[in-house]
Asker: 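After the structure tokens below, expect a handful of questions from me.
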Amino acid sequence: MSARLGTLLLYAFFALFLAWPVGHVLHGAFAAPDGGLSLRAFGMLARNDVLLESIGNSLLVAAAATTLCTLLCFPLAHLFVSREFRGKTVLQALLLSALVLPPFVAAIGVRQLFARFGSVNLALLRAGLVDTPIDFLGGHPLAGVIALETLHLYPILFLNLAAALANVDPSLHEAAEAAGAGRWTRWRRVTLPLVLPGWFAGAIVVFIFALTDVGSPLVFDVHGLAAVQILDRALEGSRDPVGYALVVVVLLLCAGLFLAGRRLTAREAASQGVKGSTLARARPLGAAGRWLGLPALGLLALLTLLPHVSIAALAFSGSWFFSVLPQELTTRHMGEVLTHPIAYLGVRNSLVYASLATVIDLVLGLSIAWLAVRRGGRAARGLDLLATLPLAVPGVVLAFGYSGAWIGTPLERWLDPARGALLLLVIGYSVRRLPYVVRAADAGLRQVPVALEEAARNLGASGPTTLRRVTIPLLAGNLVAGGLLAFSFAMLEVSESLVLAPVKADYPIAKAIYLLLGDIAEGPQVACAMGLIGTALLAYSLLVAGRLLGRSLGELFRA
Amino acid sequence: MTAVAIESLAVRFGAVEVLRDVSLSIADGEFFCLLGPSGCGKTTLLRAVAGFVEPAAGRILFDGRPVQGVPPARRDTGLVFQNYALWPHLTVAQNVAFGLEVRKVPAPERERRVREALALVRMEHLAERQPNRLSGGQQQRVALARALVVQPAVLLLDEPLSNLDAGLRVELRAEIREIQRRTRRTAVYVTHDRAEALALADRIAILRDGRIEQLGAPEELYDRPISPFVAGFVGDCNRLFGEVAADEGGRVLVRGAWGAVEARATGRERPAPGAPAQLLLRPECLRLLPAAPSAPGRLRGRIARRIFLGEVVQLDVELAGPATLRVLQLGGERDAREGEVVTVGVDDALAFPGSAG
């Protein structure tokens with residue numbers, strides 16, 4: 001297949017599965033009843049207090065989570081990049097473990113700990129420290145969501161900031177020092193301007209994640225957020241124009257931020273010519289760091305691990321009602337993952353959906369990265385942008401678009417959620433997770449000299465032979481890493497899973513977990529067992545990806 | 001074996017014109033060098049021959065057949081890359097066998113030819129080794145074997161020795177020349193190292209700013225350069241600036257404050273009487289003589305610096321003008337001292353139009 005034909009097919013894919021559903025949403029928001037264009041839906045949105053408040057709440061959650069992550073990550077990244085101390089690797093692994101617990105699974109653990117009669121309240125009551133339980137979650141539901149999003153997302157900002165700090169050429173600091181600049185001035189005038197693009201790239205991802213996450217708000221039963229409002233409408237099958245307008249507002253917000261981040265990141269790449277190595281410059285931790293920094297790190301690691309521990313405890317608990325700790329332990333629920341009808345269905349279906357989505361991602365991702373790196377040109381750059389755009393299109397927006405985009409078209413029989421979720425979920429997952437594979441392949445291709453492929457072509461190998469014999473073997477590590485991440489994240493995808501699989505036989509894991517949480521008997525335990533397995537899978541994937549990609553892992557989590 | 005012809009070739013990268021109106025022909029079995037400074041377009045020209053660069057205009061012909069539109073895989077060239085481009089996931093033998101495999105050469109013949117190719121470059125004992133466990137010189141040999149094993153019509157070498165140390169470069173360039181003679185392949189060799197080009201080539205094309213400045217045999221380029229650029233690129237030169245005093249019998253007399261020298265005018269343009277001219281004097285054409293009054297071809301000066309370089313001694317002689325001449329003295333010649341007044345005898349010089357400004 002020629003590069004031109006491949007490019008055309010890829011554009012056709014994005015036109016059908018990204019532009020069409022987004023266009024469907026835009027049409028729903030801007031279409032007037034008479035068929036023309038209208039801003040009526042936006043006017044209705046402006047008069048709808050509930051939705052306006054939900055947008056405000058979402059912005060508040062996103063801004064607060066991003067601010068907290070920033071405050072947490074600047075000292076954290078500085079500590080890890082420029083200081084040497086015992087247990088650094090273990091602590092870093094513990095801190096990054098937040099990434100492996102999907103927020104909506106983490107929320108189950110937090111609920112178990114901080115509910116009115118959760119472990120913390122029961123412990124406080126038993127100790128006589130309080131007379132009535134504290135309403136940690138009900139009193140300030142948004143605070144709970146903000147805390148959870150912060151705890152889940154700070155590793156993304158940490159990875160970006162640490163990479164940006166490590167890339168600052170040490171001689172730039174030395175030049176400032178030689179010019180007489182003190183420590184604070186050096187940080188303000190040299191370090192901060194240089195790491196700001198890296199911070200921005202990570203902060204945008206954190207902001208968009210927090211703005212559009214539906215998992216944790218749902219577990220906390222918070223519905224006053226824009227993403228949850230969109231989800232509720234999608235689940236109801238509502239075609240109310242105000243809903244479309246809300247989706248457009250969220251979409252524009254995310255896309256604008258994403259494109260700004262991309263532009264800034266490109267400028268950063270162009271301006272940072274010399275990369276320094278800070279390995280030799282990491283200094284031992286001073287007294288202040290030992291007495292203040294390390295305990296703070298320990299506390300953060302404890303907070304990060306708390307949901308994990310709680311989930312694990314729930315998954316292995318025989319019963320856990322009105323007691324600080326589980327009353328008995330059992331491995332029964334782990335087995336039930338494969339025997340409970342809903343759990344088994346979820347695992348089986350998700351394995352199929354995620355596997356197929358990963359295969360599609362590998363084919364598309366490698367093709368797009370190859371065209372962008374090796375061919376270049378406007379068409380290839382456009383494809384690269386389209387492939388990474390799903391980072392800016394929230395899952396809930398895509399799910400909303402997918403749920404109705406093809407109704408009434410010739411594709412309805414294959415792409416109507418009510419008739420079967422397989423194709424919709426496979427394509428939905430693959431579009432959403434494509435950026436990971438494209439970026440992993442892109443990073444790998446940039447490290448493989450083009451001469452290695454030219455050498456094969458020069459010796460008579462055709463394009464496909466060169467790809468099979470030279471390019472793919474040399475990119476294997478990057479493709480495995482990108483593929484694993486795409487697979488794991490697809491297994492734990494929430495928004496699309498909740499919206500696009502209305503029929504029980506099609507339920508993926510996330511929907512199964514969500515339903516099991518409502519099953520008072522032993523549903524939460526089985527849900528936690530599923531969450532625990534998913535977490536282990538994600539942890540393994542990140543570990544392998546980290547080994548294979550090294551520093552490039554951070555590149556996957558930035559705008 | 002194949003003759004290569006390039007006709008009015010132009011290559012553009014966006015708005016930048018990398019090659020302009022390049023025409024040359026390379027004979028069957030010839031060892032042809034493309035020589036020039038960085039950015040002159042020599043690698044682009046080689047890659048255009050290999051098919052990796054699409055010309056904006058002009059033609060490339062192999063044995064009279066245009067090869068436009070023929071993909072690199074079907075051009076039948078063997079390209080040796082500057083960084084060798086050995087596949088790190090394949091062994092030495094697998095690297096060499098690759099081209100034969102894609103040509104579907106039967107296994108027994110393939111193995112025999114791989115063995116022969118590795119023997120040719122004296123690498124058969126390292127056939128099972130991974131490329132990253134080889135030295136630079138060994139990698140270069142494997143790259144050469146990989147290019148030769150498919151018996152290409154044209155062997156293309158893109159600065160294959162530039163990553164090696166000086167001693168190994170000299171050793172390997174002799175080997176490359178020997179292998180090319182034995183296999184009788186037409187070879188096009190890109191380099192910016194004039195010693196390499198002079199030692200290897202049957203003919204050399206000197207490129208400058210995307211054009212061929214001069215094309216000819218090494219001796220011709222050295223003895224009869226058509227511009228100061230070519231003269232300076234193929235060998236070290238002293239430069240003196242003056243005015244043409246006379247033009248008789250193919251030789252011009254250039255006079256300056258430093259004295260007068262009779263020189264050959266080999267350039268595209270001949271310096272006219274009364275016009276400013278520059279003289280190029282190669283160090284090996286200068287001799288140190290006992291002090292004597294200035295005369296045409298005899299320049300009086302004082303030794304400003306004496307630098308010991310091992311096999312030769314470099315003397316910087318300050319002339320009137322002021323001007324400085326670099327004179328090389330072989331070991332065994334009369335020892336000169338700094339500050340000594342001497343006469344420099346000029347055996348040969350080249351004159352081109354041009355002033356110091």
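Every chain is numbered from 1, with letters handed out A, B, ... down the list of sequences.
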Asker: Counting only heavy atoms not in R74(B), do more than 12 fall under 6.0 Å of its CZ?
Answerer: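 Count not over threshold, so no.
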Asker: Give, as side chain, backbone, both or neither, the part of R146(B) having an atom under 4.5 angstrom from any heavy atom of chain A.
Answerer: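 Contact with chain A is through both the backbone and side chain of R146(B).
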Asker: Heavy-atom distance under 4.5 Å to chain A: side chain of D76(B), backbone, both or neither?
Answerer: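 Contact with chain A: none, neither part.
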Asker: Looking at P473(A), G463(A), A476(A), which makes the most heavy-atom pairs under 4.5 Å with chain B?
Answerer: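 Top count of heavy-atom pairs under 4.5 Å with chain B: P473(A).
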Asker: Indicate the atoms forming the closest heavy-atom contact of A85(B) with A455(A), along with that distance.
Answerer: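 Distance-wise, the nearest heavy atoms are O-CB, 4.0 Å.
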Asker: Under 4.5 Å heavy-atom distance to chain A, tell me which part of Q82(B) shows up: side chain, backbone, both or neither.
Answerer: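 Nothing of Q82(B), per the 4.5 Å heavy-atom cut-off to chain A.
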Asker: So how far is it from L459(A) CG to T77(B) OG1, rounded to the nearest 0.5 Å?
Answerer: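 Taking CG in L459(A) and OG1 in T77(B), the distance rounds to 8.5 Å.
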Asker: Minimum heavy-atom separation for G460(A) to V102(B), with atom names?
Answerer: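 Scanning both residues completely, I find the closest heavy atoms to be C-CG2, 3.8 Å.
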Asker: Near R133(B) CZ, under 6.0 Å, is it more than 12 heavy atoms from other residues, nucleotides or ligands?
Answerer: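 It does not: R133(B) CZ has 12 such atoms or fewer within range.
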Asker: Is the backbone of L452(A) close enough, under 3.5 Å, to the side chain of W87(B) for a donor and an acceptor to pair up by distance?
Answerer: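 Pair found, side chain donor or acceptor close to backbone of L452(A).
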Asker: State, to 0.1 Å, how close H89(B) and R469(A) come at their nearest heavy-atom pair, and which atoms those are.
Answerer: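 Closest heavy-atom pair between H89(B) and R469(A): NE2-O, 2.8 Å.
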Asker: Please find the pair of heavy atoms, one from A461(A) and one from A73(B), that lie closest to each other, and give the distance.
Answerer: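 Nearest pair, atom of A461(A) first, then A73(B): O-CB, 3.5 Å.
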Asker: Which atoms of L156(B) are under 4.5 Å from chain A, going by heavy atoms: the side chain, the backbone, both sets, or neither?
Answerer: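 No part of it gets close to chain A.
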Asker: With rounding to the nearest 0.5 Å, note down the distance linking CG in D158(B) to CD in E454(A).
Answerer: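 One finds 10.0 Å between CG of D158(B) and CD of E454(A).
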Asker: Above 12 or not: heavy atoms from other molecules or residues under 6.0 Å from CZ of R375(A)?
Answerer: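 Result for CZ/R375(A): open.
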Asker: Has N458(A) got a side-chain atom pairing as donor or acceptor with P72(B)'s backbone, closer than 3.5 angstrom?
Answerer: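 Not a single qualifying donor-acceptor pair exists.
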Asker: Pick from A50(B), G78(B), A147(B): which one has the most heavy-atom pairs with chain A under 4.5 Å?
Answerer: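 Counting heavy-atom pairs under 4.5 Å, the top option is G78(B).
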